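Report on the structure given below.
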Amino acid sequence: MTTGLAPCACREIHLCSLHRFHSLTAAAGLPRIRVHDLRHFAATTMLNSRVPLAVISRAMRHSNLSTTTEVYGHLLRHVAHDAVDVIANALHAADQVAATAACDDHTATT
């Protein structure tokens, strides 16, 4: 992305914004927060909101999905729970179909 500004001007804007950010967090009584902490916060918030990992990976500008998985994979507990729920629901549905079929077969033979 090109800003059209000289590199030194971009650096001054960045430093000014960073100083303003630190002033606001200090005024709010928050501990010092690094910009990188905000990056992790954004990724974690997206994960907890069930945004697909591929979308998060692109938003974080990771070069590949495995980087996102390595960094944030420990936060994907809900994905494992969802997978177990899907399997449980499928097995329950199969049991219902089998029970209905068995009942139909028993009714047909009596």
Side-chain angles (χ1 to χ4, degrees):
M1 179 168 106
T2 306
T3 62
L5 299 173
C8 60
C10 289
R11 180 168 167 72
E12 288 173 20
I13 291 170
H14 174 74
L15 291 175
C16 184
S17 298
L18 187 60
H19 177 71
R20 177 76 176 135
F21 172 72
H22 288 305
S23 296
L24 290 170
T25 56
L30 297 171
R32 189 159 180 92
I33 300 170
R34 301 171 303 155
V35 173
H36 199 76
D37 297 330
L38 295 176
R39 179 180 170 84
H40 286 298
F41 174 76
T44 302
T45 301
M46 286 187 279
L47 278 168
N48 287 335
S49 298
R50 299 176 187 253
V51 172
L53 196 58
V55 173
I56 296 168
S57 184
R58 276 185 259 133
M60 295 291 103
R61 295 184 177 217
H62 289 157
S63 58
N64 54 55
L65 191 58
S66 65
T67 300
T68 311
T69 304
E70 288 172 20
V71 175
Y72 301 104
H74 65 285
L75 300 173
L76 294 173
R77 197 172 323 168
H78 71 273
V79 173
H81 288 267
D82 289 350
V84 170
D85 289 344
V86 166
I87 292 168
N89 290 336
L91 291 173
H92 180 70
D95 282 346
Q96 294 296 330
V97 169
T100 301
C103 184
D104 290 345
D105 287 346
H106 178 68
T107 303
T109 59
T110 54

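None of the values given here were measured: they were computed from a predicted structure.
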Set of residues satisfying side chain to side chain donor-acceptor pair (under 3.5 Å) with respect to [X], sequence neighbours excluded:
| X | result |
| --- | --- |
| S66 | N64 |
| R34 | D37 |
| H74 | none |

*Can you name the salt bridge (charged side-chain N to carboxylate O under 4.0 Å, His left out) partners of R50, sequence neighbours left out?*
D82
*Only counting residues at least two apart or in another chain, list the ones meeting salt bridge (charged side-chain N to carboxylate O under 4.0 Å, His left out) with R39.*
none
*Heavy-atom pair of closest approach, residues L38 and F21*: CD1-CZ, 3.5 Å
Apply side chain to side chain contact (heavy atoms under 4.5 Å, CB included) to [X] and list each qualifying residue two or more places apart in sequence or on a separate chain.
| X | answer |
| --- | --- |
| S17 | I13 |
| R20 | L24 |
| V35 | L18 |

_Distance check, rounded to the nearest 0.5 Å: L65 atom CG versus R58 atom CZ?_
9.5 Å
*Calculate, to the nearest 0.5 Å, the distance between atoms CZ and OG1 belonging to R61 and T67 respectively.*
15.0 Å
*Which pairs count as ring-ring contact (aromatic ring centres under 6.0 Å, His included) when at least one residue sits in residues 31-72, sequence neighbours excluded?*
H36-H40, H40-Y72
Sequence neighbours left out, cut at 3.5 Å: what donor-acceptor pairs do the side chains of residues 88-98 make with other protein atoms?
{"from": "N89", "atom 1": "ND2", "to": "D85", "atom 2": "O", "distance (Å)": "3.2"}
{"from": "H92", "atom 1": "NE2", "to": "Q96", "atom 2": "NE2", "distance (Å)": "3.4"}

*Distance-only, no hydrogens or angles: does the S57 side chain make a donor-acceptor pair with backbone N or O of L53 under 3.5 Å?*
no
